[in-house]
Amino acid sequence: MWNHPDSICVHGSETPAYSDGIRSLSFPIYQTASFAHDLVGHNQFNYTRQDNPTRLRLEETVAALEDGADAIAFSSGMAAIAAVFELFSPGDHIVCSEDLYGGVTRLLRNVSSKNGLLIDFVDATEPNRISEAIRSNTKAIYLETPSNPMMQIIDLRAASAIARSCGALLIVDNTFMSPVFQKPFHLGADIVVHSGTKYLSGHNDTISGFVVTSTKEMGEKIHLISKTTGGALAPFDSWLVLRGLKTLCLRMQRSQENAIALSQSLQHMPHVTRVYYPGLEDHPGHEIQKSQATGFGSMLSFRVDSRERAVHVLQHVSMIIFAESLGGTESLITYPLTQTHADVPDDTRRRLGIDETLLRLSVGIENIADLEADLRQVLEEKL
Ligand SMILES: *Cc1c(COP(=O)(O)O)cnc(C)c1O
């Protein structure tokens, strides 16, 4: 049996794809809405909203990569995260880190709050802030590390100890690291969520999401929510993610090499005033990152000296693409202020430093000299 991520990505978790009698190397796309039954009460699959072999293959692979007990594939990261919040009831209290993916902030403020969940946003880089926010009705701690877009690092072991002490679930969004660099279950998490749109599928061509659970029982609860609310990933999209996953380990390594190099060269480029990347030794979370992850990933943010320069960079890069999203083969540059984080309240944005001079870069797998030349050119140009 193989259990290294390098092999799981290529071959899945247990039985090879070609063991079905047909011997196709690529796992088949079961493009069907329903499955025939032989006998009353005896069917392997029933109806694709509930279960589908292509999606199951993907779920087993992702569960194995995260060392989880179960995984449930959704039509987007947001569908996955929304399903997790269906675990809670009106009056339940949840503590969240404040530097969150913008869509999650919107979900919590506009949808979950309306449904009676009580949410507190805290600076979770300081574990004391998490403990201080705990109440008798706290049911979960929800964290994203490294955070988006400020690349803050949260100590997951410390957060897990707090969650244990009050009987709350620790939920971690592992999108930025992927299971290649960070395994939240090894650090005490109960639930891991992913936007599969990003590194897992990796080619900027599919929207998908995952909930991975540390126990079978929690997995069953999420399966029930998925089959009931209907956000499960389609068979063809499941296949696209399976295909993207084959190169996950290679892509993570290569894009990280590029990001490390860029985080250093950017610091010496004109008009750049600050680079935020956990791989830099002066990053405040550098040591914690080294203690809980095996890499630094390929997301970085940087600051330039004026709004005009930021706008110029966005509009004049040539190979790097000015577009929302991250984690794919293509390098993308984003303006968090007007794109991903437009719905974050002003005061939170200001406190975090998400302003008109901040740019976020998702480093892809292109040639590093070409990436550096692209950025250098837009930073050197006269305005
Ligand atoms: C993109 C993203 C999400 C949302 O995922 P979608 O697939 O876009 O719905 C959630 N968390 C993080 C960290 C993300 O980057």
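When a ligand or atom number is given, it counts from 1 through the structure's own listing order. No hydrogens, no waters, no symmetry mates; every other heavy atom, side chains included, goes into these values.
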Quiz item: Do any heavy atoms of Gly196 fall under 4.0 Å from ligand 1?
Solution: no

Self-check item: Ile81 to ligand 1, any heavy atom closer than 4.0 Å
Solution: yes

Quiz prompt | Derivation and outcome, ring-ring contact (aromatic ring centres under 6.0 Å, His included), residues Phe45 and Tyr30 | solution = CA-CA 11 Å; Phe45 293 94; Tyr30 285 89; 7.5 Å; no

Self-check item: Arg129 to Phe121 six-membered ring, cation-pi geometry met (6.0 Å, 45°)
Solution: no

Quiz item: Considering only protein heavy atoms, which is closest to atom 4 (C) of ligand 1, and at what distance to one decimal place?
Solution: Tyr101 CE2, 3.4 Å

Quiz item: For atom 14 (C) of ligand 1, what's the nearest protein heavy atom and its distance?
Solution: Lys198 NZ, 2.9 Å

Practice problem: Return yes or no for this condition: an N or O of Met78 is under 3.5 Å from an N or O of ligand 1. | Solution: yes

Where ligand 1 meets [X] - atom numbers and elements under 4.0 angstrom, heavy-atom basis:
X	answer
Leu326	15 (O)
Ser208	7 (O)
Gly77	5 (O), 6 (P), 7 (O), 9 (O)
Thr175	12 (C), 13 (C), 15 (O)
Thr197	6 (P), 7 (O)

Quiz prompt | Asp346 and Arg349 ion-paired at < 4.0 Å | solution = yes

Self-check item: Electrostatic pair Arg109-Asp343, nearest N-O below 4.0 angstrom
Solution: no

Quiz item: Of the listed options (Val193, Leu100, Asp173), which comes nearest to atom 12 (C) of ligand 1 when hydrogens are ignored and any heavy atom counts?
Solution: Asp173

Quiz item: Do Glu381 and His312 have a side chain donor and acceptor closer than 3.5 Å?
Solution: yes

Quiz item: With a 3.5 Å cut-off and no angle check, do the side chains of Asp305 and His271 form a donor-acceptor pair?
Solution: yes

Quiz prompt | Parallel, tilted or perpendicular, as decided by the 30° and 60° cut-offs, for the rings of His286 and Phe296 | solution = parallel

Self-check item: Within-4.5 Å side-chain heavy-atom neighbours: Gln292 and Phe181
Solution: no

